[in-house]
Amino acid sequence: QVHVAESGGRSVQAGGSLRLSCAVSGGTFSRYAMGWFRQVLGQEREFVAAISWSGFATNYADSVKGRFTISRDNTKNTVALEMNNLKTEDTAVYYCAADLYGSTRSRTSEYDYWGQGTQVTVSS
């Protein structure tokens with residue numbers, strides 16, 4: 001069983017930066033593509049960023065391109081999301097997920113294991 005756990009969410013002012021971390025245990029992390037998604041209460045969960053198993057390929061939602069960076073460390077079984085120039089509309093619960101079969105996919109249905117989420121609140 002693969003276990004996914006996010007951390008690093010907190011309140012931050014607009015324009016600030018934040019780094020989210022995701023630790024994965026169980027299975028073979030270096031074979032999984034990983035993704036970050038976010039969800040606002042009452043809305044659908046949306047894609048933020050994804051990274052291939054090797055780390056060489058990445059994919060970003062248009063809304064975060066140029067501001068967010070996804071990275072991974074296969075020696076530590078972790079994936080990170082560096083968020084810069086945060087906006088109030090980035091406020092959401094952020095989820096990390098593992099994709100056992102794909103590369104940098106963006107649909108929630110394509111991911112197999114999910115964490116519990118970490119809250120990010122951006123205030124003006």
Side-chain angles (χ1 to χ4, degrees):
Q1 185 73 8
V2 177
H3 181 67
V4 179
E6 308 91 341
S7 62
R10 61 177 177 87
S11 295
V12 64
Q13 287 195 325
S17 299
L18 196 59
R19 181 181 176 88
L20 302 182
S21 295
C22 173
V24 179
S25 59
T28 308
F29 176 76
S30 60
R31 294 182 182 178
Y32 307 151
M34 297 296 299
W36 285 96
F37 292 76
R38 65 188 182 186
Q39 187 171 24
V40 175
L41 188 64
Q43 298 183 17
E44 291 189 357
R45 193 168 297 186
E46 67 173 9
F47 172 73
V48 175
I51 189 167
S52 64
W53 65 269
S54 65
F56 290 145
T58 57
N59 183 21
Y60 295 93
D62 288 342
S63 59
V64 306
K65 278 181 182 176
R67 300 189 298 122
F68 290 12
T69 302
I70 188 171
S71 61
R72 68 187 295 157
D73 186 340
N74 285 350
T75 67
K76 298 180 179 178
N77 288 10
T78 59
V79 61
L81 184 69
E82 188 75 35
M83 304 185 292
N84 297 312
N85 190 22
L86 282 160
K87 304 176 180 180
T88 55
E89 52 262 43
D90 294 319
T91 295
V93 177
Y94 283 72
Y95 295 90
C96 180
D99 179 356
L100 274 58
Y101 306 105
S103 180
T104 55
R105 300 192 288 189
S106 60
R107 297 179 180 178
T108 56
S109 59
E110 294 165 332
Y111 285 75
D112 303 282
Y113 294 97
W114 293 82
Q116 293 299 307
T118 186
Q119 176 71 47
V120 172
T121 302
V122 184
S123 59
S124 58

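D112 places a side-chain N or O within donor-acceptor distance of the main-chain N or O of L100, the cut-off being under 3.5 Å. Put simply, the side chain of Q116 never gets that close to the backbone of E6: no donor and acceptor are under 3.5 Å apart. Without hydrogens or angle criteria, T91 side chain to V122 main chain gives a donor-acceptor distance under 3.5 Å. Side chain of R72 to main chain of G55: no donor-acceptor pair is present (N/O by atom type, distance under 3.5 Å, no hydrogens or angles).
Remark: S103 OG to F56 CZ distance equals 12.0 Å, nearest 0.5 Å. Atom OG1 in T104 sits 9.5 Å away from atom CD1 in I51 (nearest 0.5 Å). Distance OG/S52 to CE/M34: 12.0 Å, rounded to 0.5 Å.
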Determine, stepwise, if the pair W53 / D99 fulfils side-chain contact (heavy atoms from CB on, under 4.5 Å). CA-CA 9 Å; W53 65 269; D99 179 356; over 6 Å; no
I'd like to know whether R38 forms a side-chain contact (heavy atoms from CB on, under 4.5 Å) with V120, so could you lay out the CA-CA distance, the side-chain angles of the two residues, the decisive distance to 0.1 Å, and finally the verdict. CA-CA 9 Å; R38 65 188 182 186; V120 172; over 6 Å; no
Could you give me the CA-CA distance, side-chain angles and deciding distance for K87 and D90, then say whether salt bridge (Lys or Arg N to Asp or Glu O under 4.0 Å) is met? CA-CA 5 Å; K87 304 176 180 180; D90 294 319; over 6 Å; no
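The cluster map of Ile, Leu, Val, Met, Phe, Trp and Tyr, joined by side-chain heavy atoms under 4.5 Å apart, puts I70 and V64 in the same cluster. The hydrophobic clustering, which links ILVMFWY residues whose side-chain heavy atoms are closer than 4.5 Å, places V48 and Y60 together.
In terms of heavy atoms, A33 sits closest to G102 at CB-O, 3.6 Å. What you find for V79 and C96 is that their closest heavy atoms are CG1-SG, 3.6 Å. The two residues A5 and H3 come nearest to each other via the heavy atoms CB-NE2, 4.1 Å. Here the closest heavy-atom approach between residue T28 and residue Y32 is recorded as N-OH, 2.9 Å. In terms of heavy atoms, A92 sits closest to Q119 at O-NE2, 3.4 Å. Across V4 and C22, no two heavy atoms sit closer than the pair CG1-SG, 3.4 Å.
The local environment of CD in E46 is crowded, with over 12 non-hydrogen atoms from other residues, nucleotides or ligands closer than 6.0 Å. Counting non-hydrogen atoms of neighbouring residues, nucleotides and ligands closer than 6.0 angstrom, the CD atom of E89 exceeds 12 such neighbours.
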Listed pairs under 3.5 Å, donor-acceptor, residues 14-21 side chains, sequence neighbours left out:
from, atom 1, to, atom 2, distance (Å)
S17, OG, N84, OD1, 2.8
R19, NH1, E82, OE1, 3.0

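The stretch residues 69-113 participates, sequence neighbours left out, in these ring pair (Phe, Tyr, Trp, His ring centres under 6.0 Å) pairs: F37-Y111.
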